[in-house]
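We number each residue from 1, following the sequence as shown.
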Amino acid sequence: MQYLLITLGLISFIFLNTNEPKTENWYFLGGSGISSTGEIGGVGTGTAFDAGFYWHYNKNTLYGFGVTEKSETIENEQQNLIKQFNLTIPSLNFIHYKDHFGRGIFFRLNIGMANASFIEKINDEIIYENKQNGLGYVMGCGFSLDYKGKSRYMLSLQYGNSTVSLDYLSFVFTGLF
């Protein structure tokens, strides 16, 4: 029940929209990058993915809905062991540009439900599986370049955490179109 109240409160805040000049009606954000590993222990590969749809709240602030995902895989060839961890956070998202929309420093915040899964496999047979749900968030900041007023290319450092996983850092390249 408390998750529902938090979500409804955030959604009602969004629709207090001001009527300042805007550049476009809506935006698509998509991108990926590298993520810190350590959720499942050992040396492996970590990736991050980000996608969403956004609208203007005011001239320098966007709100929207999207998905942030963190994934890591560790392989031990000697034991034919593979460990996989995936964290998905479908969320309510905010992006705020410090000075000018589309260029310069920006800050972001995503808040939503977190879905985590952990799988261990030996010889492609699942020997352990665990799935959990909870709350999660991603905070970040970065630098954006505006290209012809229609595309923004963004580099950001993001910190994520949830009630079902450990915290992590991601370095992500995204585009806002």
Side-chain angles (χ1 to χ4, degrees), residues 1-36 46-72 86-117 133-177:
M1 183 65 179
Q2 71 183 12
Y3 301 133
L4 178 62
L5 293 176
I6 291 170
T7 303
L8 290 175
L10 289 172
I11 289 172
S12 65
F13 171 76
I14 287 173
F15 293 107
L16 297 173
N17 195 351
T18 62
N19 291 321
E20 293 185 31
K22 299 166 178 53
T23 58
E24 297 168 51
N25 290 333
W26 63 276
Y27 303 89
F28 171 75
L29 178 132
S32 64
I34 58 174
S35 178
S36 63
T47 58
F49 172 78
D50 206 357
F53 290 95
Y54 290 83
W55 298 267
H56 274 278
Y57 176 71
N58 60 35
K59 185 178 177 184
N60 288 345
T61 305
L62 299 174
Y63 68 92
F65 301 96
V67 175
T68 304
E69 186 173 302
K70 176 204 189 306
S71 174
E72 67 181 71
N86 293 307
L87 174 65
T88 305
I89 305 175
S91 57
L92 176 62
N93 305 341
F94 299 93
I95 297 175
H96 176 75
Y97 284 90
K98 183 177 182 278
D99 295 319
H100 302 284
F101 173 73
R103 65 179 191 265
I105 296 172
F106 68 90
F107 304 96
R108 64 176 295 166
L109 175 65
N110 303 1
I111 302 171
M113 301 301 293
N115 306 306
S117 68
N133 296 316
L135 286 177
Y137 66 90
V138 177
M139 300 184 303
C141 64
F143 190 80
S144 177
L145 297 173
D146 192 342
Y147 180 71
K148 296 184 178 183
K150 295 290 180 185
S151 301
R152 289 108 201 132
Y153 298 100
M154 308 160 69
L155 287 171
S156 64
L157 179 62
Q158 301 175 1
Y159 168 79
N161 200 346
S162 73
T163 58
V164 293
S165 71
L166 300 175
D167 56 346
Y168 67 93
L169 289 175
S170 295
F171 184 70
V172 180
F173 176 72
T174 54
L176 186 63
F177 310 99

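Leu109 contributes atom CG, which lies 12.5 Å from atom NE2 of His96 (distance to the nearest 0.5 angstrom). Taking CG of Asn60 as the reference point, atom CZ of Phe101 lies at 8.5 Å (rounded to 0.5 Å). If you take OG1 on Thr163 and CE on Met113, they are separated by 7.5 Å, rounding to the nearest 0.5 Å. Between Phe107 atom CZ and Ser156 atom OG the span is 12.0 Å, to the nearest 0.5 Å. Residue Ser170 holds its OG atom at 11.0 Å from CD of Glu69, rounded to the nearest 0.5 Å. With rounding to the nearest 0.5 Å, the separation of CG in Asn86 from OG in Ser71 is 4.0 Å.
Side chain of Ser36 to backbone of Leu169: a donor-acceptor contact under 3.5 angstrom is found. Of the possible polar contacts, one joining the Ser144 side chain to the Gly102 backbone as a donor-acceptor pair under 3.5 Å is found. When atom types are taken as modelled, the side chain of Asn110 and the backbone of Tyr137 share no donor-acceptor pair closer than 3.5 angstrom.
Evaluated for a side-chain contact (heavy atoms from CB on, under 4.5 Å) with Ile89, the options Val138, Val164, Asn115 yield exactly one hit, Val138.
By the 4.5 Å heavy-atom criterion applied to side chains, Phe177 and Tyr153 are counted as neighbours. Between Leu62 and Trp55 the shortest side-chain heavy-atom distance does not fall below 4.5 Å. For the pair Ile105/Asp99, no side-chain contact is recorded, criterion being any heavy-atom separation below 4.5 Å from C-beta on.
What you find for His56 and Tyr27 is that their closest heavy atoms are NE2-OH, 2.7 Å. Between Ser151 and Asp146, the shortest heavy-atom contact is O-OD1, 3.3 Å. Here the closest non-hydrogen pair linking Glu72 and Gly46 is CB-CA, 4.0 Å. Nearest approach of Ala114 to Ser162, heavy atoms of both residues: CB-CB, 3.7 Å.
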Verify side-chain contact (heavy atoms from CB on, under 4.5 Å) between Leu29 and Asn93, making sure each step is shown before the conclusion. CA-CA 11 Å; Leu29 178 132; Asn93 305 341; over 6 Å; no
Between Thr174 and Asp50, does a side-chain hydrogen bond (donor to acceptor under 3.5 Å, both in side chains) hold up when you go through it step by step? CA-CA 8 Å; Thr174 54; Asp50 206 357; 5.6 Å; no
Evaluate Val172 against Phe49 for side-chain contact (heavy atoms from CB on, under 4.5 Å), listing each step before the verdict. CA-CA 8 Å; Val172 180; Phe49 172 78; over 6 Å; no
Apply ring-ring contact (aromatic ring centres under 6.0 Å, His included) to Tyr97 and Tyr54, showing your working. CA-CA 14 Å; Tyr97 284 90; Tyr54 290 83; over 10 Å; no
Audit row: Tyr63, Phe94, ring-ring contact (aromatic ring centres under 6.0 Å, His included) steps and yes/no: CA-CA 4 Å; Tyr63 68 92; Phe94 299 93; 7.3 Å; no
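Tyr147 OH: 12 or fewer foreign heavy atoms inside a 6.0 Å radius.
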